Asker: 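Just passing along the structure, written as structure tokens.
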Amino acid sequence: MLGRLVTVEGGEGAGKTTQMTFIRDYLERKGYQVVMTREPGGTPLGEEIRALLLEPRAGGMAPSAETLLMFAARAEHLEQVVRPALSAGYWVLCDRFTDATYAYQGGGRGLPLERIAVLEAWVQDELRPDLTLLFDVPVVTGLARAGRRGATDRFESEDLAFFERVWAIYRERAALYPERYRIIDASRSVEAVRAELETVLAKWLEQQ
Ligand code: T5A
């Protein structure tokens, strides 16, 4: 693998998507070619699976079915987009990746983390993110931001306790993998978050 995998994570409405283009442009200014993508999604099949996952549905969805769909979309994404891009020397900038499965399906839904680890090993082999930018914003602030956009998806309609469990797993993983996680204070203005991203990215690039 010649390129690098950079993932962006956080709770609902943390402001990740708002900053994706900024991060891509920053990396491109530094001379890297960047493929910007997202999960679940990033391929035609992945986007269809995304629609199934996000659409509110009567009767809900079994946590194991939800997790397997996340990994089905991920397997396609890795095969069609991520691995070819990395092999060709591109950097891949992905809005959410497997840390989100640990946080949402593991933390939020209560699925045993070991089962997620089995799927991760199966679908990804050795592939793990080189850098994960974790957007830290109080759960209620993020939900209020997401709520201002109008209609809520299947995840956004979960209760506060669900998102507290999601965040607890993100925090746990950031402590477990300090070499790749960088925490961004996303509670500030869009401009302040940008400034912090620039500082963090510059420092991380220097260390490579
Ligand atoms: N999921 C995903 C799993 O359960 N398991 C998995 O394995 C994976 C990969 C994806 C859902 O799937 C789940 C997690 C998610 O629930 P999504 O719509 O992509 O669905 O969900 P999010 O990634 O959470 O997208 P959001 O749009 O909700 O959050 P973002 O991207 O963090 O926030 P953003 O940038 O869209 O901003 C939200 C609003 O806040 C404003 C923006 O203008 C926007 O209106 N905003 C700010 N306001 C004030 N100050 C700032 N600094 C702001 N930054 C943005």
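Order of listing sets the numbers, starting from 1, for every ligand and every atom in it. Here the structure is a predicted model, which means the values were calculated and not measured.
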Asker: Start with the C-alpha gap between T98 and Q124, add the side-chain angles, then the distance that decides, and say whether side chain to side chain contact (heavy atoms under 4.5 Å, CB included) holds.
Answerer: CA-CA 10 Å; T98 307; Q124 294 170 221; 2.5 Å; yes
Asker: Going by side-chain heavy atoms closer than 4.5 Å, which hydrophobic residues are tied to V139, directly or by a chain of links?
Answerer: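 Under the 4.5 Å side-chain rule, V139 groups with L45, I49, L53, L54, M61, L69, M70, Y104, L134, V140, L143, F155, L160, F162, F163, V166, W167, Y170, L176, Y177, Y181, I183.
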Asker: From atom 47 (C) of ligand 1, work out which of R154, R145, R194 has a heavy atom at the shortest distance.
Answerer: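 Closest candidate by heavy-atom distance is R145.
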Asker: Look at R128 together with E120 and state whether they make a salt bridge at an N to O cut-off of under 4.0 Å.
Answerer: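 Counted as a salt bridge, because a side-chain N and a carboxylate O are separated by less than 4.0 Å.
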Asker: Under a 4.0 Å threshold between the charged nitrogen and the carboxylate oxygen, would E39 count as salt-bridged to R74?
Answerer: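 A salt bridge links R74 with E39.
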Asker: Has R188 got more than 12 heavy atoms of other residues, nucleotides or ligands less than 6.0 Å from its CZ?
Answerer: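 More than 12 heavy atoms, drawn from other residues, nucleotides or ligands, come within 6.0 Å of this atom.
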Asker: Quick one: does D95 get an N or O within less than 3.5 Å of an N or O on ligand 1?
Answerer: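 It does not: no N or O of D95 is found under 3.5 Å from an N or O of ligand 1.
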Asker: Using a strict cut-off of 4.0 Å, indicate which atoms of ligand 1 neighbour a heavy atom of E156.
Answerer: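 Going through ligand 1 atom by atom, the ones under 4.0 Å from E156 are 28 (O).
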Asker: Is the closest heavy-atom distance from G13 to ligand 1 below 4.0 Å?
Answerer: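 Yes, G13 has a heavy atom closer than 4.0 Å to ligand 1.
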Asker: Report the residue from V35, L78, D130, V92 that forms a side-chain contact (heavy atoms from CB on, under 4.5 Å) with L86.
Answerer: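 So the option named by the test is V92.
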Asker: Can you name the atoms of ligand 1, numbered from 1 with element, that are less than 4.0 Å from a heavy atom of R74?
Answerer: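 Atoms satisfying the 4.0 Å criterion: 7 (O), 9 (C).
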Asker: Compute the shortest N/O to N/O distance between A146 and ligand 1 and return yes if it is under 3.5 Å, no if not.
Answerer: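 Such a contact does not occur with ligand 1.
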Asker: Among F71, Y102, F135, F155, which residue places a heavy atom closest to atom 12 (O) of ligand 1?
Answerer: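 Heavy atom nearest to atom 12 (O) of ligand 1 belongs to F155.
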Asker: I'd like to check whether T17 has a polar contact with ligand 1, where a contact means an N/O of the residue lying under 3.5 Å from an N/O of the ligand.
Answerer: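 Yes - when backbone and side-chain N and O of T17 are compared with those of ligand 1, one distance drops under 3.5 Å.
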Asker: Just need the protein heavy atom nearest to atom 3 (C) of ligand 1, so name the residue and atom and give the distance.
Answerer: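 Answer, as residue, atom name and distance: M70 CE, 3.2 Å.
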Asker: Is it the case that the side chain of E55 and the backbone of L52 share a donor-acceptor pair, with hydrogens and angles ignored and the cut-off at 3.5 Å?
Answerer: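 Absent.
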Asker: Counting from 1, what ligand 1 atoms have a heavy atom of S189 closer than 4.0 Å?
Answerer: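 The list of qualifying atoms is 52 (N).
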Asker: So which bit of P40 gets within less than 4.0 Å of ligand 1, heavy atoms only: side chain, backbone, both or neither?
Answerer: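 The answer is both, backbone and side chain.
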Asker: Could you report the tightest heavy-atom contact between G46 and A73, atom names first, then the distance?
Answerer: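 Between these two residues, the closest heavy atoms are CA-CB, 4.2 Å.
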Asker: I need the contact type for K16 against ligand 1. Using non-hydrogen atoms and a strict under-4.0 Å cut-off, is it side chain, backbone, both or neither?
Answerer: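 It is both parts that get close, each with some atom under 4.0 Å.
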Asker: Please list, in number order, the atoms of ligand 1 under 4.0 Å from a heavy atom of T18.
Answerer: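 Those qualifying, in numeric order: 34 (P), 35 (O), 37 (O), 42 (C), 55 (C).
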Asker: Quick one: nearest non-hydrogen protein atom to atom 36 (O) of ligand 1, plus distance?
Answerer: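 Here the closest protein heavy atom is R149 NH1, 3.1 Å.
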Asker: Should E47 and R38 count as an ion pair when the cut-off is N to O under 4.0 Å?
Answerer: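 Yes, this pair counts.
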Asker: Enumerate the atoms of ligand 1 whose separation from the nearest heavy atom of E39 is less than 4.0 angstrom.
Answerer: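 Answer for ligand 1: 9 (C).
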Asker: Atom 54 (N) of ligand 1: which protein heavy atom is closest, and how many Å away?
Answerer: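 Atom 54 (N) of ligand 1 sits closest to the protein heavy atom G15 CA, 3.7 Å.
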Asker: Any atoms of ligand 1 less than 4.0 Å from a non-hydrogen atom of Q105? List them with their elements.
Answerer: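 Once the distances to Q105 are compared, the set is 3 (C), 4 (O), 5 (N), 6 (C), 7 (O).
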Asker: Short N/O distance, under 3.5 Å, between A14 and ligand 1?
Answerer: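 Checking ligand 1 against A14, an N or O pair does fall under 3.5 Å apart.
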Asker: Among all protein heavy atoms in this structure, tell me which lies nearest to atom 24 (O) of ligand 1, with the distance rounded to 0.1 Å.
Answerer: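 Ranking protein heavy atoms by distance from atom 24 (O) of ligand 1, first comes R96 NH2, 2.7 Å.
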Asker: Checking one residue: V200. Which other hydrophobic residues are in its cluster under the side-chain 4.5 Å linking rule?
Answerer: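 V200 shares its hydrophobic cluster with V6, V8, M20, F22, I23, Y26, L27, Y32, V34, M36, W91, L93, L131, L133, F135, I184, V193, L197, L201, W204, L205.
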Asker: What about R188: any of its N or O atoms under 3.5 Å from an N or O on ligand 1?
Answerer: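 Such a contact does occur with ligand 1.
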Asker: Just going by heavy-atom distances, which of T67, T152, L54 is nearest to atom 10 (C) of ligand 1?
Answerer: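 Checking each option, the heavy atom nearest atom 10 (C) of ligand 1 is found in L54.
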Asker: Atom CD of residue position E79 - does it have more than 12 heavy atoms of other residues, nucleotides or ligands inside 6.0 Å?
Answerer: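 Counting other residues, nucleotides and ligands, CD of E79 stays at 12 neighbours or fewer.
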Asker: Is there a heavy atom in E12 that sits closer than 4.0 Å to ligand 1?
Answerer: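 Heavy atoms of E12 do come under 4.0 Å of ligand 1.
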Asker: Give me the nearest non-hydrogen protein atom to atom 7 (O) of ligand 1 as residue plus atom name, then the distance to 0.1 Å.
Answerer: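 Here the closest protein heavy atom is T101 OG1, 2.6 Å.
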Asker: Is any side-chain N of the basic residue among R109 and E66 closer than 4.0 Å to the acidic one's carboxylate O?
Answerer: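 Yes, this pair counts.
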Asker: Identify whether the distance between the nearest side-chain nitrogen and carboxylate oxygen of D99 and R180 falls below 4.0 Å.
Answerer: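 Yes.
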Asker: Using only atom types and a distance under 3.5 Å, with no angle test, would you say the side chain of R154 pairs donor to acceptor with the backbone of G60?
Answerer: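 Checking the backbone N and O of G60 against the side chain of R154, no donor-acceptor pair under 3.5 Å is found.
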Asker: Which of the atoms of ligand 1 are close to R50, meaning less than 4.0 Å from one of its heavy atoms?
Answerer: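 Near R50, meaning under 4.0 Å from one of its heavy atoms, ligand 1 has 17 (P), 18 (O), 19 (O), 20 (O).
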